[in-house]
There are 2 protein chains.
Amino acid sequence: MTETAQRPTLEAVAARAGVSRATVSRVVNGGDGVREPLAERVRRAVEELGYVPNQAARSLVTKRHGAVAVVIAEPETRVFADPFFALQLRGISKELTAQDNQLVLLLTEGRDDHTRVARYLAGGHVDGALVFSLHLDDPLPGLIRGAGLPTVFGGRPGWSDGEAGVAYVDSDNRGGAREAVRHLVGLGRTRIAHLTGPLDQTSAADRLDGYRDVMGGADARLVVESDFTPAGGERAMRALLDRCPDVDAVFAANDLTASGALRVLRERGRRVPEDVAVVGFDDMLPVAEATDPPLTTVRQDIEEMGRIMARLLLRRLDPRTPEETPAGVVLPTTLVRRAST
Amino acid sequence: MTETAQRPTLEAVAARAGVSRATVSRVVNGGDGVREPLAERVRRAVEELGYVPNQAARSLVTKRHGAVAVVIAEPETRVFADPFFALQLRGISKELTAQDNQLVLLLTEGRDDHTRVARYLAGGHVDGALVFSLHLDDPLPGLIRGAGLPTVFGGRPGWSDGEAGVAYVDSDNRGGAREAVRHLVGLGRTRIAHLTGPLDQTSAADRLDGYRDVMGGADARLVVESDFTPAGGERAMRALLDRCPDVDAVFAANDLTASGALRVLRERGRRVPEDVAVVGFDDMLPVAEATDPPLTTVRQDIEEMGRIMARLLLRRLDPRTPEETPAGVVLPTTLVRRAST
DNA sequence: GGGGTCGGTGAGAGCGCTCTCGCCGCCGGG
DNA sequence: CCCGGCGGCGAGAGCGCTCTCACCGACCCC
């Protein structure tokens with residue numbers, strides 16, 4: 001291990017510039033109240049010595065860390081591996097670094113890992129948290145709220161319904177679903193089915209609601225529950241074709257499900273989009289473009305979601321922010337037409 | 001902001017247990033050299049007060065942070081969004097948290113962001129770094145080595161050839177490619193093409209080397225350079241079919257490229273695998289399973305790569321580790337047969 | 001039974017920073 | 001010309017922890 005030749009301290013800079021520690025500190029932190037010739041001397045000393053403030057010492061007295069935790073509670077590796085989180089992370093990272101904050105990533109590993117994460121968050125190592133928790137029965141959000149740490153949730157938390165003051169950012173799942181289904185209606189389709197996601201996730205439930213907003217109490221057999229995976233999409237599509245052979249359009253709850261559905265349709269000799277039109281959700285690029293035909297789908301600006309989450313949190317952390325009660329922020333979606341409709 | 005009712009300090013625990021700060025510290029940090037009845041009393045006091053050590057204060061004196069940076073230098077959002085990094089992160093996270101280390105995620109945003117990252121790393125905020133940098137001309141690795149921070153690279157760095165002492169973890173790209181091509185040979189194929197990745201990345205270059213290991217100086221027109229994307233795969237496949245219509249097998253440098261190739265093959269009326277067999281690389285699940293037919297591909301255990309990287313770094317950070325010079329670690333790959341061959 | 005040894009414990013310094021306070025020199029007003 | 005005010009700067013305390021060192025009692029050996 002390379003012995004990092006004793007990092008210079010405030011003291012050293014002060015000595016070199018011929019001023020006191022306090023003055024150097026002032027210059028380093030914005031420099032108000034230090035007259036120009038002196039400030040310049042300090043800045044030069046900082047430069048020459050390559051001084052970098054010791055964050056630990058700083059945190060010790062300020063009680064702020066310039067760090068935010070991002071918690072991803074996703075037991076199934078498979079789901080975590082979709083590009084969704086990567087994009088969110090990128091958005092979050094952009095916003096955080098723009099304001100000189102670090103991103104501490106916390107992934108939960110299985111069921112009883114929640115307490116570890118909760119303890120860490122309660123331990124005062126970070127200033128706030130951005131939490132992704134997809135399932136309704138997840139104990140983590142509750143634990144985190146107990147920790148009393150400023151938090152913004154990614155995706156509408158299932159239990160937030162009545163409560164005010166829960167900050168979250170979500171896509172307009174319901175509105176996007178409505179748009180998708182209306183698009184199919186506009187194409188003259190009448191037997192429009194929906195392959196849902198796991199309904200214990202608010203995103204899946206909201207998309208189903210959007211479908212129902214347009215289709216009303218249409219044939220209930222046209223709704224098949226699935227699980228956001230290609231294999232699940234295949235199963236659901238088979239079940240659907242068996243009970244409703246006359247289906248002429250499918251709105252899948254996400255692109256992965258749609259890809260499974262497409263495969264079954266081809267296998268059963270249905271042409272897409274001539275016989276059956278298919279719409280997905282997410283615009284998960286590697287998938288939506290890799291299917292055959294490429295998928296019409298509802299795009300959500302995932303990176304922007306991340307950015308907004310971070311911005312929301314940083315605003316709450318800033319002591320200058322007036323005490324408000326931010327509700328959820330819901331981002332619009334857009335329909336992307338490709339060859340599957 | 002909920003005022004976090006004054007976190008208890010070592011002092012408080014000491015007072016409650018009727019011992020000195022030093023003793024509490026000893027118990028909290030493993031408890032060697034404290035007799036049982038006393039230690040128990042301390043533990044109870046810790047429990048009752050809900051004491052959590054202040055990491056900042058600790059770092060200030062120990063000069064260790066219990067934190068490792070993960071640097072992902074990937075300008076193109078698109079590539080970052082593939083599941084590759086997510087899986088690596090999961091592996092890294094598992095290993096780090098198992099040893100009570102935090103993961104600080106650093107994503108570079110564009111070209112001149114390198115200096116920011118380099119400065120952060122040199123700033124002594126973390127104990128070590130895990131760095132992913134795919135491109136040969138990336139200045140980041142150099143800057144990081146200059147910072148003198150213990151580092152492990154993900155993927156063989158291009159410039160490491162001669163140098164010893166550069167720690168990295170990589171998949172056996174070359175061996176995996178050989179296996180893929182041998183598999184095609186074993187199926188009786190003779191006109192085996194290769195759609196490469198961007199050759200300024202070592203992974204792509206190594207896969208090409210593996211192909212050549214088996215095919216030797218075969219028809220050079222069978223090698224088409226591409227870029228790891230579906231669209232690139234389409235372009236390359238079209239070019240290939242135009243110049244070598246007699247091709248009977250394709251080894252694509254990754255699954256995304258393969259998915260593009262498959263689409264073109266179908267469009268041109270070639271049956272897969274009857275007329276042309278196709279093999280990918282990565283076993284990127286959502287893609288490899290979503291294609292039609294599902295893709296035969298070379299799987300790398302990406303999560304394990306992450307885990308090993310973290311383990312390697314932690315070992316270097318541990319002062320008890322004997323001073324050795326770890327070279328690279330290369331992980332085996334396995335061929336996964338699906339319907340495309 | 002006295003001196004040496006050794007393991008367990010406490011006292012205290014100090015890590016590098018911020019922030020409060022008090023001093024000092026300069027200004028304006030009486 | 002003197003005094004009050006004010007802005008710029010330095011001195012010093014203290015954030016919560018670790019770690020060294022000194023101390024003290026118990027134990028062993030001669």
Side-chain angles (χ1 to χ4, degrees), chain A residues 3-43 45-46 49-67 100 122-127 319, chain B residues 3-43 45-46 49-67 100 122-127 319:
Chain A
E3 207 44 64
T4 337
Q6 211 52 309
R7 183 175 310 294
T9 72
L10 248 204
E11 191 75 50
V13 178
R16 179 166 195 118
V19 297
S20 74
R21 280 204 318 279
T23 299
V24 179
S25 176
R26 278 188 271 261
V27 172
V28 169
N29 297 298
D32 311 329
V34 178
R35 247 187 302 239
E36 204 26 72
L38 246 199
E40 181 51 30
R41 238 186 26 239
V42 171
R43 261 178 255 123
V46 166
L49 265 50
Y51 169 74
V52 179
N54 180 325
Q55 181 61 40
R58 186 178 274 178
S59 299
L60 187 54
V61 32
T62 60
K63 270 118 180 53
R64 297 198 80 238
H65 301 86
D100 260 326
H125 304 291
V126 291
D127 300 327
Chain B
E3 207 44 64
T4 336
Q6 211 51 308
R7 182 175 312 293
T9 72
L10 247 205
E11 189 75 52
V13 178
R16 179 166 195 118
V19 298
S20 74
R21 281 205 318 279
T23 299
V24 179
S25 177
R26 278 188 270 261
V27 172
V28 169
N29 297 299
D32 311 328
V34 177
R35 247 188 301 244
E36 204 27 71
L38 245 201
E40 181 51 30
R41 233 179 40 232
V42 171
R43 262 178 256 123
V46 165
L49 265 50
Y51 169 75
V52 179
N54 180 326
Q55 181 61 38
R58 186 178 277 177
S59 299
L60 187 55
V61 31
T62 58
K63 268 116 181 54
R64 297 199 80 237
H65 301 86
D100 260 326
H125 305 291
V126 291
D127 300 327

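Convention: sequence-line order gives letters A, B, ...; per-chain numbering from 1. These numbers come from a predicted model, not from an experiment.
Going from atom CG of B:Leu10 over to atom P of C:dG14 covers 19 Å, rounded to whole Å. Here D:dA13 presents its P atom at 14 Å from CD of A:Glu11, a figure rounded to the nearest Å. For A:His125 and D:dG16, the NE2 to P distance is 14 Å, given to the nearest whole Å.
Within residues 53-67 of chain B, the residues having any heavy atom under 4.0 Å from DNA chain C are, by residue number, B:Leu60, B:Val61, B:Lys63. Within residues 14-23 of chain B, the residues approached by DNA chain C to less than 4.0 Å at the level of any non-hydrogen atom are B:Val19, B:Ser20, B:Arg21, B:Ala22, B:Thr23, in residue-number order.
Bending across the helix from C:dG1-D:dC30 to C:dG30-D:dC1, expressed as the angle between its end axes from five pairs apiece, amounts to 50° (10° rounding).
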**Message:** Assess the residue pair A:Asn54 and A:Arg7 against the criterion (side-chain contact (heavy atoms from CB on, under 4.5 Å)); give the C-alpha distance rounded to whole Å, side-chain angles, the decisive distance to 0.1 Å, and a yes or no.
**Reply:** CA-CA 9 Å; A:Asn54 180 325; A:Arg7 183 175 310 294; 5.6 Å; no
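A pairwise comparison of heavy atoms in B:Ala57 and A:Leu60 identifies CB-CD1, 3.5 Å as the closest pair. Here the closest non-hydrogen pair linking B:Val34 and B:Arg26 is CG2-CB, 3.8 Å. Between B:Ser59 and B:Arg64, the closest heavy-atom pair is OG-O, 3.1 Å.
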Under 3.5 Å, N/O pairs linking protein and nucleotides 6-8 of chain C:
| from | atom 1 | to | atom 2 | distance (Å) |
| --- | --- | --- | --- | --- |
| C:dG8 | O3' | B:Arg35 | NH2 | 3.3 |

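The backbone N or O of B:His65 sits nowhere less than 3.5 Å from a side-chain atom of B:His125 that would complete a donor-acceptor pair.
Rounding to the nearest 0.5 angstrom, the gap separating the CG atom in A:Leu49 from the CG atom in A:Leu10 is 11.0 Å.
Among residues two or more places apart in sequence or in another chain, the side-chain contact (heavy atoms from CB on, under 4.5 Å) test is passed with A:Ala17 by A:Val19, A:Val42, A:Ala45. Listed by chain and number, the residues in a side-chain contact (heavy atoms from CB on, under 4.5 Å) with B:Arg58 are B:Val28, B:Asn29, B:Pro53, B:Gln55, B:Thr62 (sequence neighbours excluded).
With contacts defined as side-chain heavy-atom distances shorter than 4.5 Å, the pair B:Glu11/B:Arg21 qualifies.
Below the 3.5 angstrom threshold, one finds a donor paired with an acceptor across the side chain of A:Arg26 and the base of D:dG10.
Salt-bridge formation is detected for the pair B:Glu36/B:Arg43: a Lys NZ or Arg NE/NH1/NH2 atom is positioned less than 4.0 Å from an Asp or Glu carboxylate oxygen.
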